[in-house]
Structure formats: C-alpha cells, structure tokens
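Following: one structure in structure tokens, then a few remarks.
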Amino acid sequence: MTRPRSRRSPRRPVPSRRRRGPRASDDASVPPDRPNLLIRASAGTGKTYQLSGQFIDRLRITGPDRILAATFTRAAAGEILERVLLRLAEAARNPDKLRELAEQIGSRNGRPLTREECLERLAALTRELHRVRIGTLDSFFIQLARCFSLELGLPPAWAILDVIEEDQLVTQAIERLLHHDQQANGGSGGDVGRLLNLLGKGDAARNITALLRRTVRDFAAAYQETEPDAWRQVPEPPPLSAEELQEALEALDRVELPEAWEEARTRESQCARDGQWEEFLKQGIAAKVAAGDTTYRRQPIPREALSVYQQLVGHARAVLIRQLASRTRVTWDILDRLAAELAALKQQHCGWTFDDVTRAIGRGWRQAAIDQLDFRLDASIEHLLLDEFQDTSVPQWQALEPLAQCVTADPRMSLFCVGDQKQAIYGWRGGAAELFDALHDRLPQIEEQTLARSYRSSPAVIEAVNRIGEGLHRHPDAGELATAIHRWQKRFKTHETAQADLPGWVTLETPPEEPEGDVLTFAVQRIAETHRRIPAATIGVLAVKNDTVVHLARELRRMGIDVSEEGGRALTDAVAVQLILSLLHLADHPGDTAARFHVATSPLGEAIGLREEAEPDEVHHLAARIRRELLERGYGRCVADWARHLVPSCDSRGVGRLTQLVNIAHDYTPHATLRTSDFITFVEAQEVVQPSESRVRLMTIHRAKGLEFDVVFLPELDGKLIPKTPQFVFHRPSPVEPPDVVIRYAPEGLVSLLPEDLQQVFQADKVRRYEERLCVLYVAVTRARHALHLLVAPAVPTSSSRTGASGPSSLPKTMAGLLRAALTDGGPLPPGQVLTIAGEQKWHRRAPHLAAGRAGAAAARTPSPPPPLRIRLAPPRPDSLAQLDEVQPSRHGAKLVRMSEVLSPPSSARARGSLIHAWFEQVEWLEEGLPDDALLRQIARRWEWHDREIEQALREFHAMFRQPEIARVLSRSAYQGPHGLFAAALAGIASPQDVAIRVQNERRFVAPVEKLLIRGSMDRLVLLEHGGEPLAADICDYKTDFLEGLDAAEVDERLAGYREQLQLYARAAAHILELPADRVTARLILLGVGRVEPVPCP
Amino acid sequence: MPIVRRFFDWSQPALPQVVDALCSQYRRGRLVDLSTVLLVVPGRRVGRRFLELLTERTRGRHEPPVVVTPEQLPEELYEPQRPLAGDLTQRLAWGEALRSLSEEALRPLLRNVPPSDDLPRWLELGTLLARHHTELAADGLDFQKVRELGKYLPGFQEQSRWATLQQAQEKYLALLDDLGLWDQQTARLVAIEQHECHTDQEIILLGAVDLPRTHRRMLDQVEDRVTAFIHAPEELADHFDEHGCLLPERWRECRLDLSAEQIRVVGGPADQAAEAAYAVAELDGRYRADEITIGLGDESLTPHLQRQFEACGLRTRPVKEKELLQTPPALLLAAVADLLEHDRIEHFTALARHPDVAAWLEAQGCSHGWLEELDDYVTHHLQPRLGEWLGPPGAVQRLRPAYERVRAWLAPLQSPPQRPLPAWSAPIAELLLELYRHVQFDVDVPSHRVVVDACRKLHTAVEEHARIPAPLGGTFTAAEAIRLALDAVSGEMLPPPPQPEAIPLLGWLELPLDDAPVAIVTTFNEDHIPQSLNSDLFLPNSLRARLGLLDNARRYARDAYALSVLLHARQRVTLIVGRRTAEGDPLRPSRLLFAAEPEVIAQRIVQFYGDAAEARPPVRPPLPAEFTTKRATPGFRIPRPRPLAEPPTELNVTEFKSYLACPYRYYLSYVLGLGSADDAAEELGGSDFGELLHEVLKAFGLSPLNSSPEADEIQSFLEDQLESVARRRLGRQRRPVVELQLEQLRQRLRAFARVQAELADWGWEIRFVEHSGQQTDSLFDLGDGRTIHLRGRIDRIDFHREHGCRILDYKSSSQGETPEQVHRQGGEWIDLQLPLYRHLARPLGVEEPVQLGYLLLPEDSSRTRVALAEWTEAELREADELAREVARRILDQTFWPPAEMGSGYDDWDLICQVNAFDGEVVTENSP
Ligand code: SF4
C-alpha cells in the first residue's frame, strides 16, 4: 500500500498489573529460566507432546493455577490435561519414559527431572485438579467476563446465546431497525429501503429479512473489527453531468468510424443509453479504450472517436466505481444501525455471543475495566501456553496480548506458542495467521524453533509431502497463485520422519474410462477394495465439500460397507426422523394436509390413530392431544414412544438416527416451549454425528485437522481452488491491527477499473485465499500414516492444448493441478493410471499391527453377537412399608379437587386458617384460660402478618370460644363425670378418679394399619390414661372454613370427605395406642360455623 | 455443658443405628416418644427415611420428633421481634437501596448504571446483592466486615467496591427498618446478640457436618440441650470440631482406600449409564431394588440412566419429576406475560397452542378449526397482531370468537396497566382460576396432581406480592408481576410419584445418610464431586477462605468425609467417572480419586488414561438397547397413488407444468389437494407479490384509464389502487418489512406505468381483462374420443390495428424470465400455459394467429417490458399434442413413479423421501 494512512500506534498500552499478588516463584535465587518460545511445528510433529512437556516444565516451578494453557477445541483441551497427567505418571513408573520426558524439558535450576519429582508434581497436580487452567480460549474469556461482568457493562445474569437465540435476536433487530427507520421517515420507505435497493442489486432477494440476515452473517465480524472509515476507501470519481453525457452520446453516434466497426458502435451506443455500463465496457471499442489501447482490430481509432470514447469510458468507470463504493458504504450503514438495535436487544435478553465476550475483554483491557485479575481469578497467570497459534483471531489476540506482554516482560514468567502457519485453514476467523511473524516485533523477547520431524507418517508419505511442498512452484500460474505458492513455500522446511520403519505407499491415480468413469465412483471402488484388503486399517476419506461426504457415504453404504460420516448433519436425513417431525408439525398445524398424509400413510399413522381420510375435526383433536402429551410427559418420552413404532422399518443407521433424536428430545424437554416448531428448529439446527465403530471415516478436510489415519483417500481434488467467491476483501496495515480497508467483492472487470492501490487489496486478498487453500491441501496430505491416495480426473490433451504448448503450462488452478505440477512432469494423465509416487503397493504386508488387527476385526464380526445381558434383582420384601398403600387422610377427603379451592379463597384466608390452627395448638383446656395474646401475636409474626391483620384475626379467635359447642369440647369437664365422653365405655375398666386426661396438640403419626400406611397429624388428641397406659382417645379436628357459598349438596360432600379423613385417623389411633375401636372417638370442630360434629367410627 | 458428641460406627449405615439408639433411649411404655426431640437432618429425604425406619421399627407406635433441616433450625430457637421480610421484599429493598445511591457512588461497582426507571434491571442487581448479603450474614458478616478483613488479604484492591456495597447495605437495612420489618439474617443476629436463643427440646444434630457460623453461635446458647451424632469412629474425634462439624485441614490429607475395580472411567453420559447398568448386573440378583442407590454427581445424567435401565427392564425413581416452570400452569403464565408485554402475533399463536387454553376455549363453546383458521389468517394477512379482521368474515368465523374470548380473559390484566405489586395478586390468580374453574382434578392422576401442585405454588408466589409493603417497588405491569412470581418458583420442582421396586436415583449430598448396601455413584468428576469455585465477581476463594465462608477446602472436606462414609458403611461401592459431558466438554476425574500415596496416584492415572485403558476388550455381553433392528435395508415406502372414484373432468392450464415436472407430485397437490400450513411467514412471498400486482393491474385494466398514454396519470391511479388493495389484504397495521415490500411494489408499478403509457401511445389497446372470479373455459378434445374442460384466467388481451391481438400474462418474478425460458428447456416443453391460452381465448372471439407473451415486471425496473414468445406454428402444435398427452395420462390415472428431483422444490420432499438416506429408491419398474 502506498497510500498514507493515519495509523494508530500498533502497540496497546500494557494494563496496570503492577499490583500483583505474591508469585509462587518469588524467589530471588531463581534465574531467568525458560526463554519465551514460539514453535513452528509441522504436521505430525507432536504439538500436544510439546505443549504437555512445556506444561510439566512450568509445573516444576509454580502451581497449576498459574499456568494458562489455551487451545481451540474442548476435545483438545481434555487431551492436553490427560496427556500431562499420563506423562508424569508414566515417567514415575517407567525409566524410559522418565528419560524421554527429562530430555524434552531439560533441567530446572540445574536439576534434571527425577522420578521422585514426578511423583511429587503428580500429587500436587491431582490435589489441585480443580485449579488447572487448561481449556479453550473461549472458556477462559467467559470466565474473565463473569468475574468482571459489572465492570464490562454486562448484566449480572448474562449467558451465552446459542445459535438459535442469536438468530432470533437478529430477526428482531431487523424488525426494529425497519420500524424505527419508517417512524423517522414518516411512514413508508425510509432510508433502509433505499439502502436495500443498493444492497439487493444482484442478490435477487425479494425476501428482505433474509437479505439482511445474510448481510449480518457475512459482514458482522468485519464490521465489529473496523472503523467506519475502512469502508469508505473506494474513491468516488465524478461522472459526467446529464448534459455532458447527452452530448457524448450524440457525439458517439456521429463520429466517423470504419464501416466494419458499425456493429460494435451500435451495441455500445445502446448499452450506454440503457445505462448498462458493465456491458458497455465488456468488449468492442470501449473495452480497448478502457484498457488504454488506441487501436481496434489492428487499426488506429480515429482521434475524434477516441476522445468521445475516453469520455464515455471515464463516465462508465465513475458510475461503476461509485456503485461499488456506495454498496460498500451502505453495507456498513446498515450493519451499524443493526448493531445498535442488536446491542440493545442483547442487553435486554442478557445474552452475549462468544465473539461479543472476546471483544469485550479486549476493550476491557483498554478501558482498564479489567484489573484485579489475579484477585478475582484467585491466582496470577505467570505462564501462557498457546496451542494452534495460527488459528488465533485478531480480536482473540487483542484480548490475550496484555497477558502476553506481561508474562514476556518478566524473566520469571514465560510465553509459549505452538502452531503451524501451513495449516491455517480458518480464513477470516483465524485471520491472524500472520500473527506468527508479527509476534517477534511485538514481543521481542521471544525465541523461535521449527519442528519438521514427523512422528506420524511413513517415509513414503513424508517423501510425497516433501515433493509436494517443494514442487508446488512448478505450477505454471504467474499471478496470485504463484505469489501464494511462493509465500507458502517459504514456510515449508523439508520434513523428516522418526518412523523410518513404517511401510507406506503414495499414489496419484486416475479412474479408468469405464465402467467407473468419474473420480467419485472410482473412489468408492478403491475405498471398498482397500477396506476389504486391509480391514484393520483406519481409512480417512477427506473431501472438500460436505455434500461429497454425504454422497460417498451413501454409495459406500449401498455397497455394504459401514462408514462413519463425521462432521455431523441434521437428523432430518432419516425417514423416521422426518416422520416424527411431521407429526410434531401437524400437532401445531392441524390444517397441514401434506403432513397429515405423510404421517397417516406411515407406520406411525396407525400407531397414533391417524387415518389418511381423517376428518379435520379428528385431526384437530389429535393435534390437541399430542400437544398435551408433549407438555405433560415431555418431548423425550413422547418421541421415544413414537420412535418405537418406526424402528421396525429402519435399518441400523435409521435406528441410530432415531436414538439420537430421542437423545435430543430428552435434552430439550427441560427447555420445552408451547410450540413444536421450536423443537423442530432445534433439531434442524443440530449437526449430529452418526457414531460408528467403522474404520472407514468420511469427513471434510477441515474436520480432519488434528486427526490421523492409516490410509487417506483424497477424492475431490479437481474442484475450483477457491470454491466460493468471497463477500468482501480487506486489508490490514499489520497482522494484529483491524483492517483499514474493507470493500465488497467485485468481479475482475470492475476491479481493473479501480485505483492501483485498491487493485492491490483485491490481489492480496486473493493471494491470502490461495494460501489458505494450499494450507488445506497440506493438511489433507499430512493426515496419512502409511498410505495416501490422490485421486484426480484424467487429463487427456484437448484440441486447444494440443495446438498450444503441451506440458505443465496447461495445468488447471485446482488441487489436482498443483499436485500434478509438483509430482509429475505436468503432461497429460490418461485414464486408468496408478502412478506410484513413493513406497510400495504391498506395504500392508509389512505392517504387523494391521495384520494382527485383521484377525481381531474378523473375530469381532462373528455372525451372532452374544445375546444381550439380562439383569436380575432380588424380589421385593413383602413386609416392607413400601409395599403398603400410603394414604394421607387430610388429602384423602380431597381426592377430587376444584381449582377454586386451590386458588381461592385468596391464600390470605388459607393463611388465616393455618394461623387459627396454630393458635388452637396453644389451647389445652379452657378451664386453664386462653393463651396469652402476646404469645399469639408472636406466632402470627412468623407468618409475616401485619399488626392490623393480627388484631382482626385475634378478635375472630376469641369469638370462637364464645360458641357454646366449641367451648364445651375444649373443656376438661366434657371428659369427666357421669356424662363424660367415655363414661360408658370405661365403666368397669377404671374408676374415673384414676383416669388421667392428657391433651396432645398437633399429634403427628405414621401408622401401618393392615394394607395401609396412614400418615398425618391430628389437630387435638385427648388421651384418657390409667397408670400411663391409654384407655381411650378422642380425636378433634379443627375446620376453619365457613362453608359459605356452598349449596347443601356441596356442604354434604365436603363434610363426607372430612368424616372419611377422621375415620382413618381413628383407625390409626386405635392401632398406635392399641385400643379397641369403641374406645376411640372422633369429632369435627367446625370453627367457622361454631358447630361440633361427632364422626361415627365403625 | 458443651455440646455432646456421640460417635456412631461407620462400618454400618447411620440411620438404622440412630433409630435403634433413639428407640431405646426414648421408649415410654409401649410407645417410643420422641415428641421432645428436635432432629436436624441435612435434607428432607433423610428425614423421610428416618421416619420410615422408625415406623418400621415401632410399627407406628411412636410419637415422632420434629424434623428440620439446618436452614430451618434457627427459627426454632428464637422468636423474631418483628415480622420478617419475604424474599421478594428483600430483593426489592436491595434494588431500591442501590437505586437510591448516586451515580458517582455506584461507579466503582457498575460500568453501566441503569436508568432510574428501569425497575427490572435494578431488581436484578438487587437480587445479586441479596444473595451475597444472605450468604455473608449466615456467617455473621456484613459488607463492611468484608472490606475490613479484605485489607489483610494480599492483592485485595477492592475497597471502593465494597464501600459502595456497604453504603447500599446501610440503605437497605434502614429501608426495612422504616417498614417495620427485619430480614431473617438480621433477626438471627439480633437473637444471638441478645442471647435470646432458647429451647425446651432435645436437639439432635445428624449429619450436620458443615454448619454456618450463625447456626453454631445459636446452638452454643442452648448447648446443654444439643447432641451431635457423628457417623465416624471415635478415633477420628479430632477430625471434628466441638459442634460435630468437619475440620477441613484434617480432611485435606486424608487417604481414601479405593480399589482399582471400584473405579470405572468411561466416555460420555450414555457410557456412564451403561456402566451403571453393568454394575447392577454384577450384583447378580443378590440385592433388591431398594437396596441399591444410584448417586448422581450431576443430575443431568438422569434421563440417560432412566432410558438405559428401562431398556434393561429396571425401573428407576428420579430425584424430581418436573421443574415447576415446565408445568402447564407456569408455561401458561409465561405465555400470557409475553403476550401482554409485546402483543405480537407470535405470542398469541403460542398461547393459543397451550392445551389448557385450547380445552378451555372448547368448553366455552368455541368450535374446532380456529387453529387452522389462525394459520391461514396469519399467512395471508401477515399482520403483526390480530384484531383488525381482514378478508371475508367467513374465513375467521371460528378464530374471531376464540380470539375475543382470550382477549376478554386477559382484559382484567390490561387496564390500568401499571399497578403496585399487591394489586396484581388477585387478577393473576383469577386468570388461572378462570381457565381451570370447571375442570375437576383427580390428584391420583399424575398429570392432574402436577397442575394442582403447580397452581398451589404459583398462587403462593403471587400472593407474596400482596405482602409487599406499599412504599417498595413502585408500579409494575402484569407481565412483570407474572415474571416475578415465576422467578420466585424457578428451581422449584415437583417430586415424582412413589414407585415401589424402583431403584432410587439420589443427589450426591443425600448419599452419606442413605442406608442401601449398594451405592453406584455416577459422574464422579471434579466440579461435581467436589464442586469448587475458581473465580468470582465478589467473593473469590481466597476471600472466602479469609472470611471463613464456604470455600473449596470446606467443600473438599465435606466430600472426602462423604466418600469415607460410603466406603466404610456400604457393602459395595462403584464410582463411575465420565470423560466428557453430553456437549463434549472434557470432564476431569474427581480429586478424591487421588487422595492416595503418590505411587498409587501414578498407577491410577495409567489405569485411567494409559494405552491399556483404551485397549480393554469388551468381553462383556452387550446391554439391551433402547431400540434395535434386524433389518439390513430400510423398509419405508413412498405411498402409492390410489385409484380415484371419479376421474377429473377439467384441468387448469397451469396444472400441466406440474404434471410434466412430476406426475406423482401432481397427484399429491392437484388430485389429492394436499397442502402445507404453517404460520412462519413474516413477509410477502413470491406468490403474494404476484397476487397483489395482479389485483392492482386488473383494476387498472378495467378502469377508464386503461387507454391513457399518460404515465403520471396511470401511476397515480396504480398507487391509489395499491394502497386500497394493501389495506384490504394487509390492513392498516403492517409489519415494517411488509411496508418496505409495498414500496418495492410501488416502484415496479411506476415502471409499469411508463411502459403502459408507451404501449398506449403506440396504439395498443386493452381488449380484455379478467374479471374477478371469472374463469375462461373451453372444451379440449383429446383426440381419442375423450374431452376435458380447460380452465384458466387470462390476464389481458391487447389489440392493435396493424398487429392484431396478443395475449399477455403479467409476470412478477424478480428475474423477469421470458416465455421461452419459462416454457421450454433444452427444446422440450416444460410448461404449456401460454400455448393453451390460445384455446381459452377462442370463445372470447380471438382468432389465430395471435401473439403470446409476458408483460414482465421484474425487480430491476429498467427491464420492465413486453416479452413475446416467438414460437412457430409447428412448435405450438407440438405443445397442443403434449397437452393432450398429459390430459390423457391424467384421465388414465398415471401418477407413478415420481420424477427424480432435487430437494427444496415444494412441500413434497418429505413424502417423496427426497432428502433421506434411507428413502425408497424408486426405479422405472418399481411397483
Ligand atoms: S421498541 Fe419495540 S415497540 Fe418500540 S419501536 Fe422498537 S420494536 Fe416497536
């Protein structure tokens, strides 16, 4: 870039972290030990090995909570910790392993690692397992953001938005944007309408929401990272004025031109009049003039005509460039307005995305909102170990850099990065692969190492990788691809392998003409054949596009080969799943006759009672029933039930998909909403891996990163090198800075009209994308342990290339083209070729573990698997309480409940009932006086009663005792004398004066009586005792309801319920006290109506 | 007399021993009288189990003790001098206290100070502080003390924050004081200070190994009545303090004696469930269901366990049946709150699908079909909310009454919209009551019981609003009040119905006092057993440790003790360790597994992760799976067409295209008349766009302006028409995006006006325009003696003195494809609409030769124009012949097989099994 730009200082201020807690390694005698280290580790050289070693090394001088090891996937994080633990443990148990580990990490303070130290470290590490900071960058940022949520301006209860929620918020933001826009513009149209007209050009989108959603998806990250100015870098040259244009057009028709050019002029004139400026410049005289030529058809263009053309070409250029400029600018404008709406919505919904969190942390450092890190994290971070450094994005680096600055500035702390720029395959997201190179400038104290010794691949594979890496430049391209190859090759160092004895084979193959024909069909044959020949070998089939994975999986499965498709797809690829989703759709939309037909004609239809010719009313009811079941039983159980009816029609993959659907349904159940469509969306949004034990694994190259296979097939090398045109191009002033130029993508014709420096931006962008594709190719070829098969289309000389020079000059810009350039002489490649690049065809004969595995695999596939396990339990104990029917008499009377009893009287009245009960609990005998009002008030306060209410209730309470029947029940005299309650029953058993009378209030009990377990609490139990032995018992139960507003029948119903309750109490009391039935009585004390009702006890 | 510590042998479970001990101590005659005992147990379940054992032991002849949990204990020991503030009152008071601070004072705490009137936001902050206040107060601390004690902590730079918090706390306490209330924490502290704790019960602490400081200080005041039952051998007396609580430093180094085969390290949740099933299988029928407990380090494993065990023919009893928030009444209230707050169509459509609402509407006499009408209405009119009632009344005859019922039901919550909280209690309860008033619930039916219990709890929560002191909290909307009530019950759950012969699943904390001889613990992983806190907004671990709050050391001690008890008291213990969660997050093994000598640690790590761990051969027979199949190939069939009772007698000219594309899909859509329905549309789709344009242009064609050569005149007519058409179809309230689309339509009409004026200028006049509902009909001879009625609508027929007639169809597709592009592909006819118009036009007096074409109204309005077809007579004859062929095949009912088509075309992908891996592969000869 030549254009001067205002630059911000590239270095961010180092946050104030001066006031750190005491360091574990605060020890003056500790010399500066490990240098800060950056390792460029080629594929298979053992990144995890490096990282785990470094972690163990740091463990020797500090606590595990002071080492932050960050990586990108959760699986990788888990693996690193397991590796650290295992290496320490093995070193403690095995001298060889100890030596290896000690060699890798060297000495600390002059002390080599010993067995004892390993044990000691292991004990310390396992004791502090909860403090170990090995995780993903995202999880670390989230932890930070939680500790600083208030400082970062987050609501206290924020959470990470999932994809669906985010999508919903974007949709809402769009609606609010349009709404506010129309409000501001007094009704229809609005600015956004104008903006959309510009945006929508070429997008063929009548669906506005979709267009805006797509804009957000494609551009939001770029928007977030940039200043508005970056989007305003396309100049806007002035076009001709209307009059000037008119004049020029007339001049064009007028000027003198050779006869033979007339056709060109007519076309161009028409284009110009129609304003089709792109067309205008495409060919003919205008194209020549635009390219700076002064001749057409080898004749000079007459001077007058030339000047008219120059005028019009200038105008065309101005119009087109201005269009690009405004499309770019408008994109920013819309994003900016949407971002404001979205931010407000996120605040309102307390939800943030991972990216939001990362950026907030970066911002937080700058605004000094993040301080006190050590305190809130409970330890300071002294060592930073970063895995897969090439995938770190600029915002992530901005959030990390202050920490990195801090640890590199202190000799007792350290930074360690490991990664491989040759494997930077994440495009914009990992836009900072160049960070690797920039790290030096920003952190001068860092040393570098390169690892090129593979612990994975056979010499054959490594030889091929070297030939590819070192031969790519033979590709004839002279443009951006050549630049990309050049840049990429600078990073490539000849690989070696530590696995000198591994047998291997690498081929470049073309399909025979017939019968297989195309590469994919051929690939299927080759994979099947290899799998049959070496069943124990893991085979990785790595494609570029997901669709290809699906296609290959289907074909292989049709050949009877079980494959595992990795990379996950929505479950909707199985008929049974589709049927269940259709049923769910029908539940929400009973008018959907297509769904009705779909379900009714399937096995599910019969199972749920849906006929093809069902009337709308039937469907309506069925839908309501299903919605109710979903709500009551949960999605998990409902879906499982439906699945059972479909299983008999499924093959094993179908059953697997159904099982996964049931899994998802169970997970979803606690979050269920009232709409089945929410569940359907949820299912459709989940990419679910179909797990399989299969050794043949199909996936995209991207997903294969970090994996390895015995044999690798690359069947999709002939596609366009850059499969998708990007949405925009950008330029960063330096690898760690935000872009200072963003331009919407433009086709080449348009780019050539731009000023030189912007053309360079487009070119540089293309170089970057080519480089990324080279990385993809490198990742693909380095996954193989033994064998690598590159399957490409044949290249027979075509008529055009026959006339031109034969050989490499005609190689296409595809991965296949690149491989042919590097591995062959670039000449034609006839069908049916198998070129051995390295190694030998019968390699597997020298691979004993594969041979041994073969026997194992064959054994595993015995025709009849053992029958499933039957699990037995001991029979239940017949006398256990659990075998009894439990009854709670207080509820028993209320088996049938009306909501009016639950929801009204208002619970204050219910609370009043409880309070009165509690007060009566204080009453023993009326003769002894009523409990003190002060005590009663105190009890009331426990219920949060206000004083006024308490006084009111107290008055009621006192009034109750003025009811004669009630007063009598509560008097001791009722039980005494010849008319006493049990006088008759006890006659002849005990003389009245020997009988003690005792009250138990709120007497709780659990009593096994015959087949019942009766549980409850008697409000008042009066016991007549003799010498401590019970003689008789009277049960009183207070009822505080007024029986108001009930008709006679309802009163009867309620009283009947109460009686039933007391009869059960009586049975329980007789059992507990071991009394005959006739010496237990029960009475209902109807406080509300001042009545006492004896309950007959059978 | 200090608290008595009594040790119970831990080689047996604690509860049976305790019951025995209490029975002999408290026997009075034939009864065991524990009425004087206050038993403190760690959880409700333990209390229940205690009573069960007691009942079994005494056959019911006992007086039970009062059983409380530690949280309930303090209130048994003192009488509060003032009414206690409820939870919501406290949170509101905290919010209020914060809100009353100046922005400057709040700055050290908050970057974004919410606007003063944003009550929910303040309440949220209030809730945060209330939580911390409660926790600190339980240990006798307040914010000021934290600030003072923090000073001594290295690296503590947070004085200013805590100073703000302290200010807020002062305001908070003053606020409650003014209201004449106390919060529970204050009441307890006052009781302690005033030495008011007393009891006449015998207090027995059982398994209370980690009591907060407030509790201990209260117990100290009644110490002569307290006995701590400790489940551990007397030799470990020095591992417990005088309250019987654990001494964390003693447990830090304890060694746990585990054998390798007690520990099972497996993969994900399903593997854990399978391992648990294997562990049960290993018991070989020697134990009953109630003698086995499955412990849950993580409750989310429950569904996995339930499913695996069910597949094995075993029943399990989960910890909870359902979250209260997932019950029908709670979901109902949430839906009502959404609708009240936003009043948007999607909230109504959600509420309308609540089964209880649907049932209620039915009981109110609303007839079926209103849901179907709702879908149609929403899709057709795209309104942001209901109520304007567009279109023919017949189309909403069921929907409208249903909608109005619902609105009437909600009306009491709408005006006045803002009320103080207490004023919302009754209307919200009334809302539920109205819905359920006429339903009779049978509590023995689980689903009924759920509704009753949920309503009861929700009612209580709503009623708490009634107790909010008036000065607090300002006014709220109904939606906010409902959400507060839902908040209050969040996390509450409904217990499962009792299930004899089910293996109980228990939370980890319940395990130590459980007495089944076999324990299988799942998710024995770090962060679950023990939990730990490694960073925090206010109280990170170092500060907690300093303040004596629950910290990682105490958590570890508690779990180390629990595992010790388990290992000693149970006959068989299996610990299952997961390696990852359902989401694929890595799980770490519990630290407790490494409470061993360093050599053992190393050995165990190798056992877990070494090569041997992976290579362990699966020698065990497989477990029964939830679903199994023996099929090698899938058995789903695409439903075959069935013979029709009556063959069709008429065909629309547009149908031919469909048949040519795929006879089977034609059968589905035109013969069976199937169609999809949903309510997902948010903006005008392609066909809506076309319909609106057609309607406007038809009106134009019939108007006197149809021969005008004045573009402006035409344009203003069209715009008026568009507005009135839009009013009829889309109403006055439109979605913003629809508004924008209308603007786009306007632009297209503007371009049309220009083109139309030119046409008129050139001498073209409009001869014929379709009338509303009018179809043209013509008898079509199939050449085999059969005929069929051809039907269709011609948009317009133009006439020119020199050029004759031409039939034009308005085409609004955004790209503006020409007739040739639409009708033919690779020289083959794929659509016959325009050629067949010739036949339709004949009865109108249009004689051939006639030109056929489109009037294109594409998105790019510079390309608006007439595009004529240039088919030759021979080509048109070919088209006619093809039409006859199609018609014959339709009459012959030839609808099979389906054509191979890519996905995403229409509603038929699912029926045709297009996207499925296991779809039927139909060949030419498939029967
Ligand atoms: S906040 Fe909601 S109601 Fe208000 S203008 Fe925006 S979208 Fe409409």
Side-chain angles (χ1 to χ4, degrees), chain A residues 21 74 78 82 85-86 89 92 119 123 126 129-130 147 150 153 156 178-179 188-189 193 208 375-378 573 575 578 589 591-594 597-598 601 617 620 624 627-628 632 647 649-651 654-655 666 674 866 868-869 871-872 874 882 897 899 902-903 907 938 941 944 1004 1006-1007, chain B residues 55 60 64 79 83 110-112 128 154-155 281 285 288 303 312 350 353 355 358 368 372 429 433 436 441 447 452 455-456 463 500 526 532 535 540-541 585-586 591 594 598 602 605-606 609 621-622 624 627 629 631 634-636 639 674 676-677 736-737 739-740 743 907 910-911 916-918:
Chain A
R74 304 181 285 199
E82 289 184 5
L85 289 167
L86 189 60
L119 284 175
T126 48
L129 217 42
H130 58 306
C147 301
L150 299 181
L178 297 179
H179 178 81
S188 61
I208 292 168
F375 176 69
R376 291 197 202 171
L377 288 183
D378 263 328
D573 63 7
V575 173
Q578 291 177 347
H589 305 284
D592 193 310
T593 48
F597 179 82
H598 187 215
T601 53
D617 271 8
H620 183 94
R627 293 200 308 273
R628 177 171 295 285
E632 290 176 354
V647 162
S649 305
C650 292
D651 63 355
V655 169
H666 275 288
L674 294 174
L869 199 60
I871 302 183
R872 290 179 306 131
V897 176
M899 212 42 97
V902 176
L903 296 170
S907 67
Q938 193 145 52
R941 273 190 209 118
E944 264 190 74
R1004 285 162 301 121
V1006 192
Chain B
T55 306
E79 295 298 339
L110 286 176
R111 175 164 211 94
N112 289 353
L128 178 74
R288 303 186 306 268
C312 295
R353 282 171 171 86
H368 318 130
E372 291 84 337
L433 184 56
Y436 294 119
F441 292 91
S447 61
V452 171
C455 279
R456 201 168 265 140
E463 283 290 318
E526 200 52 38
S532 52
S535 61
N541 193 55
D585 282 318
R591 271 177 287 160
F594 304 114
I605 299 266
V606 173
Y609 302 129
F627 307 118
T629 180
R631 261 181 185 281
F636 291 105
L674 302 181
S676 63
V737 66
E739 207 63 67
L740 202 53
E743 177 58 30
D907 304 331
L910 294 175
I911 295 174
F917 248 77
D918 47 358

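This one's a predicted model, so the numbers in the text were calculated from it and none came from an experiment. Sequence lines set the chain letters: A, B, ... in the order given, protein chains first and strands last, and positions in each chain run from 1. Every heavy atom of this structure was used, including side-chain atoms; hydrogens, water molecules and symmetry mates were not.
When each of A/Val647, A/Leu86, A/Asp378 is scored by its heavy-atom pairs under 4.5 Å with chain B, the top score falls to A/Asp378. Contact count against chain B (heavy-atom pairs under 4.5 Å) is highest for A/Asp592 among A/Asp592, A/Leu377, A/Thr601. When each of B/Ala916, B/Pro736, B/Pro586, B/Ala429 is checked for heavy-atom pairs under 4.5 Å with chain A, B/Pro736 comes out on top. Chain A forms more heavy-atom pairs under 4.5 Å with one residue of B/Gly635, B/Gly60, B/Ala281, B/Pro540 than with any other, namely B/Pro540. When the candidates B/Leu128, B/Val452, B/Leu110, B/Ile911 are compared by the number of heavy-atom contacts under 4.5 Å with chain A, B/Ile911 comes out ahead. Listed options B/Pro303, B/Cys312, B/Pro355, B/Ala358 were ranked by heavy-atom pairs under 4.5 angstrom with chain A; first place goes to B/Pro355. Between chain B and the residues A/Gly591, A/Gly78, A/Pro156, the largest count of heavy-atom pairs under 4.5 Å involves A/Pro156. Interface remark: of the candidates A/Gly153, A/Ala624, A/Ala123, A/Gly153 forms the most heavy-atom pairs closer than 4.5 Å to chain B.
Evaluation of the salt bridge (charged side-chain N to carboxylate O under 4.0 Å, His left out) rule for B/Asp585 yields A/Arg74 as partners, not counting sequence neighbours. B/Arg591 is linked by a side-chain hydrogen bond (donor to acceptor under 3.5 Å, both in side chains) to A/His130, B/Glu526, counting only residues two or more places apart in sequence or in another chain.
Between B/Pro639 and A/Phe597 the shortest heavy-atom distance is CG-CE2, 3.7 Å. Shortest non-hydrogen contact noted between A/Leu119 and B/Ala602 is CD2-CB, 4.1 Å. Across every non-hydrogen atom of B/Pro621 and A/Leu869, the tightest pair is CG-CD1, 3.5 Å. Nearest heavy atoms, B/Val606 versus A/Ala89: CG2-CB, 3.9 Å.
Ring orientation note: the planes of B/Phe441 and B/Tyr436 are nearly perpendicular, at an angle over 60° on the 30°/60° scale.
For B/Ser676, the parts lying under 4.5 angstrom from a heavy atom of chain A are both the backbone and the side chain.
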